[in-house]
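Let me begin by presenting the structure, written as structure tokens, before commenting on it.
We count ligands from 1, going down the list as the structure has it; atoms in each ligand are counted the same way.
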Amino acid sequence: MEKPVEAPMEAAENSKNFIEQEIEKDLAEGVYDHVQTRFPPEPNGYLHIGHAKSILLNYGLAQKYNGKFNFRFDDTNPTKEKTEFVQSIIEDVKWLGADFEDRLFFASDYFEQMYECAVLLIKKGKAFVCDLSAEEIREYRGDFTTPGKESPYRNRSVEENLKLFEEMKAGVYADGEKVLRAKIDMASPNINMRDPVIYRVAHMSHHNTGDKWCIYPMYDFAHPIEDAIEHITHSICTLEFEDHRPLYDWVVRECEFENPPRQIEFAKLYLTNVVTGKRYIKKLVEDGIVDGWDDPRLVSIAALRRRGYTPESIKRFVELCGVSKANSSVDYAMLEYCIREDLKMKKPRMMAVLDPVKLVIDNYPEGQREMLSVPNNTENEELGERQVPFGRELYIEREDFMEVPPKKYFRLFPGNEVRLFGAYFVTCTGCEKDADGNVTVVHATYDPETKSGSGFTGRKVKGTIHWVCADTAKKVECRLYENIVDEEKGKLNEDGTLNLNPNSLTVLKNCYVEPALAEAKAYDSFQFMRSGYFCVDSRDSRPDAPVFNRIVSLKSSFRLP
Ligand code: ATP
Ligand code: MG
């Protein structure tokens, strides 16, 4: 059989995700002559990595098709929404780089138009005021096997409905006393179509409109109208709204919008190893297990930013996840892979000793100090070099010395020679211990001939270790993180509480870093050689006293699928 030859154009065509294929079909068939997407968060909490996917997806599509991207607060439910969240959400969207220019909107600005749409439906005989209680409405609705029962108020006249709805708006009725319902089909196999409630009475102040309204539209009615008002073409949402699509289409059609938007659903992003549910995060915050919604162990966008993730790494991650119609969980290690890849070439590789023990070079002149030139990034010459002080007394990692080494241990042990990165070869001569047998000082001698950069080729050593000069090093706090829940044993205990990992945070207060790092500012990030990537904490750092959060360690068994 002849092997099919794939034209490069076709290959590119095939790699388009299903949403792009739908959009291109719509453009080709003239359904729309432009593309306009939106990100519509409800300001009832902080955004998380799943929202980042939605933001970047919608923004990316608008860019790809030379369209527009709207950023709209879906703030139609005053019970749950707060201005505090509006601010944090705006900050997060900006930080991710989704440039909404001046296209920031509030659904609550459309309350008047939504009201008019409701009146139009009433006039068309497509909506009615219903006096059933919430519970009765639920009973009448039926379920998957039983068709619904029509409300006794379903056949009120248009005039009566107009009058009652007007009264609802004027504040004549108490919360729950009356609702406005769409008149669709109580026998529909789709329960969402069984005369859904579209307006309710709620005597409540709204963060934007204050006390102007005491009736508020329901999500399924408000959302399509918001999209239509803004001339959105493709309203992209997550899978749980698939069953609501017929209602979405009904609303834009019956409200007589020209060129109405269409809804396309994709699968939510879930991650292993982390907690995303608002309910759980709130509990962690309230119980003081984490130090806020931006605790670096969480995956809110604020937490990822504080931890040291970059917008580029999140963008890459979202691209790698792709867009799918089937729910699944993505390995957290893939997110870590993305930040590692992003920082690898960009960040200087500094020396920091997290668990220090002193190394004394006995044949190095006492009181002498020299500045050594070391490369900032051995894989990227463009980052240049820096000067690092070197002297007789250094700090090295405690684990880089062993009195009795196991096989294949190439670091310091009596008689063994190693390279001090960017400096000299040193040979271990022994150690001092305290009364409990803990090593307090390691001793060594150095060979001046072996200075880094001197071209010395006399012999080779198997181990290279990092170090800092003891009297110039800056003492700092470093924080290391693990998963907040114990994924191995399952995220939840039998009683439904979170199965917390007791080791999710390790605070090291006795770390020594190169003097250059003393001036690091919030959000600055670095590789600490051999220990991982670290970022200066934006909340707990003080001038001249940076706190470093480990973003990610250097190694992982993760491979791209
Ligand atoms: P959550 O309950 O997790 O806060 P939500 O859907 O209630 O999520 P909204 O503010 O209503 O949050 O959602 C804003 C947009 O983000 C919606 O279009 C929603 O579909 C999308 N979104 C929310 N969670 C995810 C996720 N995990 N993956 C992809 N998109 C998501
Ligand atoms: Mg929500």
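- Of all atoms in ligand 1, listed by their number and element, those nearer than 4.0 Å to a heavy atom of E42 are 9 (P), 10 (O).
- Residue contacts with ligand 1, taken as heavy atom pairs separated by less than 4.0 Å, involve F39 solely via side-chain atoms from C-beta onward.
- Of the options H223, E265, H51, K278, the smallest heavy-atom separation from atom 13 (O) of ligand 1 is shown by H51.
- Taking only nitrogen or oxygen atoms, main chain and side chain alike, E240 does not reach within less than 3.5 Å of ligand 1.
- Ring geometry for H223 against Y219 counts as parallel: the plane angle stays under 30°, on a 0 to 90° scale with 60° as the upper cut.
- For NZ of K53, the number of neighbouring non-hydrogen atoms (other residues, nucleotides, ligands) closer than 6.0 Å is greater than 12.
- Less than 4.0 angstrom separates some heavy atom of P41 from each of these atoms of ligand 1: 10 (O), 14 (C).
- Heavy atoms of G45 come nearer than 4.0 angstrom to ligand 1 in no pair at all.
- K212 forms no cation-pi arrangement with F111, by the criterion of a distance under 6.0 Å to the ring centre and an angle within 45° of the ring axis.
- For ligand 1, one of its N or O atoms has an N or O atom of L269 under 3.5 Å away.
- When all heavy atoms of L505 and R479 are compared, the pair lying nearest together is CD1-CB, 4.0 Å.
- Distances between N or O atoms of K53 and those of ligand 1 include no value under 3.5 Å.
- Heavy-atom proximity to atom 19 (C) of ligand 1, evaluated over N58, T238, I281, is greatest for T238.
- For a threshold of 3.5 Å applied to N or O pairs, the pair formed by F241 and ligand 1 contains no separation below that value.
- The aromatic rings of Y216 and H206 lie parallel to each other, with less than 30° between the two planes, well short of the 60° mark.
- Ring centroids of Y309 and F317 are separated by 6.0 Å or more, keeping the two rings apart.
- Ring centers of F100 and Y59: at least 6.0 Å apart, outside the cut-off.
- Seen from the ring of Y140, K149 counts as a face-on cation partner, given the 6.0 Å and 45° thresholds.
- Residue R38 has no nitrogen or oxygen atom sitting less than 3.5 Å from a nitrogen or oxygen atom of ligand 1, judged on distance alone.
- The aromatic ring centroids of Y248 and F241 lie 6.0 Å or more from each other.
- Note: no N/O pair closer than 3.5 Å links N44 and ligand 1 by distance alone.
- Of the candidates S54, A52, C237, G50, it is S54 that places a heavy atom closest to atom 21 (C) of ligand 1.
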